[in-house]
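Scope of the values below: all heavy atoms of this structure, side chains included, with no hydrogens, waters or symmetry mates.
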Amino acid sequence: MTRWLAGVLLLLLAAGCGGEDPPVKLTREQLLNPENCKDCHPKHYDEWSASMHAYAARDPVFIAMNKRMQEQAPQDPKFCVQCHAPMAVRENAITNFADLSNVPKHLQGVTCYFCHNAVNVGTDHFNAKIDLANDTIMRGALGNPNADAAPHGVQPTSKYHDPSSIDSSTLCGTCHDIKAPSGTNIERTFEEYMMSVSSKPGAGKFNSCQDCHMKRKPTDEPAAMVEGVGNRRVHSHLFPAVDVALTPDMPDQDALRTAIEKRELQACTLSQFTVDFGSWLPGEPFDFVVTLEQLAGHSFPSGASADRRLWLEVVATDDTGQVVLESGRIADGEIEQKPMGDPKYDPQFLPFRDHLIDAMGNETHMFWEAVDYKSDLLPFATNPDPAIPHSATRTFRTNRSMRAPPAKIEIWLRLRPLGVDILEDLVKSGHLDPAIITAMPTLTVAHSEFTPDLQKQTFIPKDLTVDAECKTFQTLSDLKTQL
C-alpha cells in the first residue's frame, strides 16, 4: 500500500468514526479487514484479537493437521480451511490449501465480516454452510441503532445475532458441527445443544451459545465509538471455551486462559462433584463412588472431543499420610493414558472423550480416516427436572486393605485442549514442532477434598462467585486483574 493510499484510508476511517460531518461509508473491501473495525469498535477488536477465532488459521496444530490431510486425503482441499479462514476461501485468496502462509492477514481466521454479514443458515447446519449477503451492511441485534452515523450499513434485527433467539445458536453451530468426508459426525456441539435443556425456551432453562461464550455486559453502553450511536447491551468477543494459543504471537493469552479456566470451566461447567464413602468392612480394600454432573448445554468436553482429554485425578491417603490410591496423576507433556503392559499403566484411569474409528475398526487420530466414533463424554441435561440425573459415576478402590476409611480423598478434574498422543502423532509424521507439546496446557476444571466426616460433599468452586446462568461479562481488563 502506498503512503498516499494509507493516508487516504486513515482519513476515511477518521471521518467514519466521529465528527459532525456525515460519515464516509466503507467499501466492502475495507469491511473485510478487521483492522478497519478497531477504531470504531476498539473493545470488540481487542477481545477478538485475543480469541481463538482470530487465531484459527495460525494455530500450529490446525496447520499440521490440515497439511497432513492435504497429503493423505486431498479430495476436498477446502475442508478445514472453510471454517478456519472462511473469507479467504470465499474470496478465492488461496492457491495452495496445504500452505496458508501467503494468505493475506486480513482474511485469516474467523473475521468480523464473516459473522456479521451472515444472512442465512441452510438446513445443513454443519461445515460452514452459511450464506453471506456480500454487501456493506453489518448485521447485529442492536438497540437504538443510528445507521446514518455508522460508516457502514446496519441491520439491527438479525435473528442470527440476537442471543434471545435460538437462530443465533444455529449460526454458531454451522462451524461447530463438523462431518468428516465419510459423513461421520466428528464434532457435534450444536447437535448436542439442540438435544439439551439449554435449547428449550419453554423449559425455563434457555441459554443460547452467546449467553455462555459471548457474555453480555450488565449495563448498556455505546455499541461503537461513533457520535450519534445509541447505547445497547454489548457482548464480549473473546469467545472463551477450551482452546488457547500455543505460540507467543497472540495478545492477552493470560486473560483468555483466566476466562476459560476460572469462568467457563470452574464457575460455569461443573454443578456436582460428589464422593460417597458408602459401606465398608475393615480389612478389605476401600471402595468409594465419585459422581460428576455438569452444567454445559452440550457434552463435556465438546467440539473436537476425540482430540480433547478430560480425566479425573484422584489421590487417597490414610491417617499416616501414606498414599493408598493414586490415579490420573499425569505430568505436563506426558501421554494421558499408558497402554496396558506399560509400567505406568493405570487400570483405574477415568477419561471422558470420543474415539474415532477407521474402516478396519481401529482407533484413528486422523479425522479423514474416521467412519464411526465411540463416545464416553460427560452427559448434558435433556430435562429441566433436577431429579432426573445426567451424571457420570465411577467406583474407585484403594490399592490395599484398610483398617479405616481414607483420611482424605483429593480429586481434580483435569482438561487438555488436545491430547499429547495426537500431538506426538503429528510430530512423528513431521508436521508439527515438538515444542508445541510442552506448550499444551493442563487446565483445572475442579478440585476438592473429601474426608469421612464429609461423606457426601457437593463441589463448590473455591474463591469464586458462581454465576448460575454463566452470563457474567468480564472485560479484558477485568480478567487481567485476576491473574
- request: Tell me whether the guanidinium CZ or amine NZ of R394 lies under 6.0 angstrom from the six-membered ring centre of F396 and within 45° of its axis.
  value: yes
- prompt: Given side chains that start at C-beta, do those of P379 and E293 come closer than 4.5 Å, heavy atoms only?
  reply: no
- request: Report yes if the side chains of L171 and K159 come closer than 4.5 Å at any heavy-atom pair, otherwise no.
  value: no
- prompt: For T364 and E369, does a side-chain donor sit closer than 3.5 Å to a side-chain acceptor?
  reply: yes
- request: For the residue pair F190 and H125, categorise the inter-ring angle as parallel (less than 30°), tilted (30 to 60°) or perpendicular (more than 60°).
  value: perpendicular
Short N-O contact, E264 and K215, less than 4.0 angstrom: yes
- request: For residues H84 and F62, establish whether the separation of their ring centroids is below 6.0 Å.
  value: yes
Six-ring centre of F288, R397 cation under 6.0 angstrom, axis tolerance 45°: no
- prompt: Just checking, is any N or O donor in the side chain of D162 or S168 under 3.5 Å from an acceptor N or O on the other one?
  reply: no
- prompt: Under the 3.5 angstrom rule, does the side chain of S305 hit a backbone N or O of P301 as a donor-acceptor pair?
  reply: no
- request: Determine, stepwise, if the pair H431 / E71 fulfils side-chain hydrogen bond (donor to acceptor under 3.5 Å, both in side chains).
  value: CA-CA 11 Å; H431 294 90; E71 294 170 359; 2.8 Å; yes
query: Are R403 and D318 ion-paired here, with the side-chain N under 4.0 Å from a carboxylate O?
result: no
message: For a quick check under 3.5 Å, do T184 and Y373 share a side-chain donor-acceptor pair by atom type?
response: no
- prompt: Taking it one step at a time, do K344 and E334 satisfy side chain to side chain contact (heavy atoms under 4.5 Å, CB included)?
  reply: CA-CA 11 Å; K344 290 188 175 181; E334 185 179 16; 3.6 Å; yes
message: Do D287 and T395 pair up side chain to side chain, a donor and an acceptor below 3.5 Å, judged on atom types alone?
response: no
query: When you measure from the side chain of E221 to the backbone N and O of V234, does any donor-acceptor pair fall under 3.5 Å?
result: no
Short side-chain to backbone donor-acceptor contact, D252 and A50, under 3.5 Å: no
- prompt: Charged N to carboxylate O below 4.0 Å: is that the case for E326 and R329?
  reply: yes
Where S196 and G297 come nearest, the two heavy atoms and their spacing: OG-O, 3.0 Å
- prompt: If we only count heavy atoms from C-beta on, is the T291 to D276 side-chain gap below 4.5 Å?
  reply: no
Check: D177 side chain, T189 main-chain N or O, donor-acceptor pair, under 3.5 Å: yes
task: May I ask you to check whether H53 and S51 show a side-chain donor-acceptor distance below 3.5 Å?
output: no
- request: Check whether any side-chain heavy atom of W311 lies under 4.5 Å from a side-chain heavy atom of E336, and answer yes or no.
  value: yes
salt_bridge(R353, D307) N-O dist < 4.0 Å: no
query: Closest heavy-atom contact between V61 and L423?
result: CG2-CD2, 3.8 Å
- prompt: Which residue, L292, T269, L350, L265, forms the side chain to side chain contact (heavy atoms under 4.5 Å, CB included) with L413?
  reply: L292
query: Under 4.0 Å between a Lys/Arg side-chain N and an Asp/Glu carboxylate O for E47 and K217?
result: no
message: If I compare all heavy atoms of P406 with all of F277, which pair ends up nearest, and what's the gap?
response: O-CE2, 4.0 Å
query: R68 versus D425: any side-chain heavy-atom pair under 4.5 Å?
result: yes
message: Can you classify the ring geometry of H41 versus H44 as parallel (below 30°), tilted (30 to 60°) or perpendicular (above 60°)?
response: parallel
message: Under the criterion side-chain hydrogen bond (donor to acceptor under 3.5 Å, both in side chains), I'd like the reasoning laid out for H390 against Q294: C-alpha separation, chi angles, the key distance, then a yes or no.
response: CA-CA 8 Å; H390 59 281; Q294 59 104 11; 5.9 Å; no
field: Between S302 and E192: side-chain donor-acceptor atoms closer than 3.5 Å
entry: yes
query: Is a side-chain donor-acceptor pair under 3.5 Å present for R414 with T444?
result: yes
task: Say whether, by atom type as modelled, one donor and one acceptor occur between the side chain of Q253 and the main chain of A245 under 3.5 angstrom.
output: yes
- request: Mind telling me whether F273 and F450 have parallel, tilted or perpendicular rings, with 30° and 60° as the class edges?
  value: perpendicular
field: Carboxylate-amine/guanidinium contact D243 R308, below 4.0 Å
entry: yes
- prompt: Got H365 and D421 here, is their nearest side-chain heavy-atom distance under 4.5 Å?
  reply: yes
- request: Kindly say whether F286 contributes a backbone atom to a donor-acceptor pair with the side chain of T398 at under 3.5 angstrom?
  value: yes
- request: Start with the C-alpha gap between L443 and R416, add the side-chain angles, then the distance that decides, and say whether side chain to side chain contact (heavy atoms under 4.5 Å, CB included) holds.
  value: CA-CA 6 Å; L443 306 174; R416 285 180 183 160; over 6 Å; no
message: Show, in sequence, the C-alpha distance, side-chain angles and deciding distance for Q322 and R400, and conclude whether the side chain to side chain contact (heavy atoms under 4.5 Å, CB included) test is met.
response: CA-CA 11 Å; Q322 183 178 355; R400 62 173 172 81; 3.8 Å; yes
- request: Compute the centroid of each ring, for Y55 and then for F239, and state whether the two points are separated by less than 6.0 Å.
  value: no
- request: Indicate, with yes or no, if the rings of H237 and W48 have centres closer together than 6.0 Å.
  value: no
field: Exam field: side chain K200 to backbone M194, donor-acceptor pair closer than 3.5 Å
entry: yes
message: Is the terminal nitrogen or CZ of K179 (NZ for Lys, CZ for Arg) located under 6.0 angstrom from the six-membered ring centre of F126 and within 45° of that ring's axis?
response: yes
message: Any donor-acceptor pair under 3.5 Å linking the side-chain atoms of S198 with those of N207?
response: no
query: Taking it one step at a time, do R309 and L415 satisfy side chain to side chain contact (heavy atoms under 4.5 Å, CB included)?
result: CA-CA 6 Å; R309 298 293 180 264; L415 172 66; 6.0 Å; no
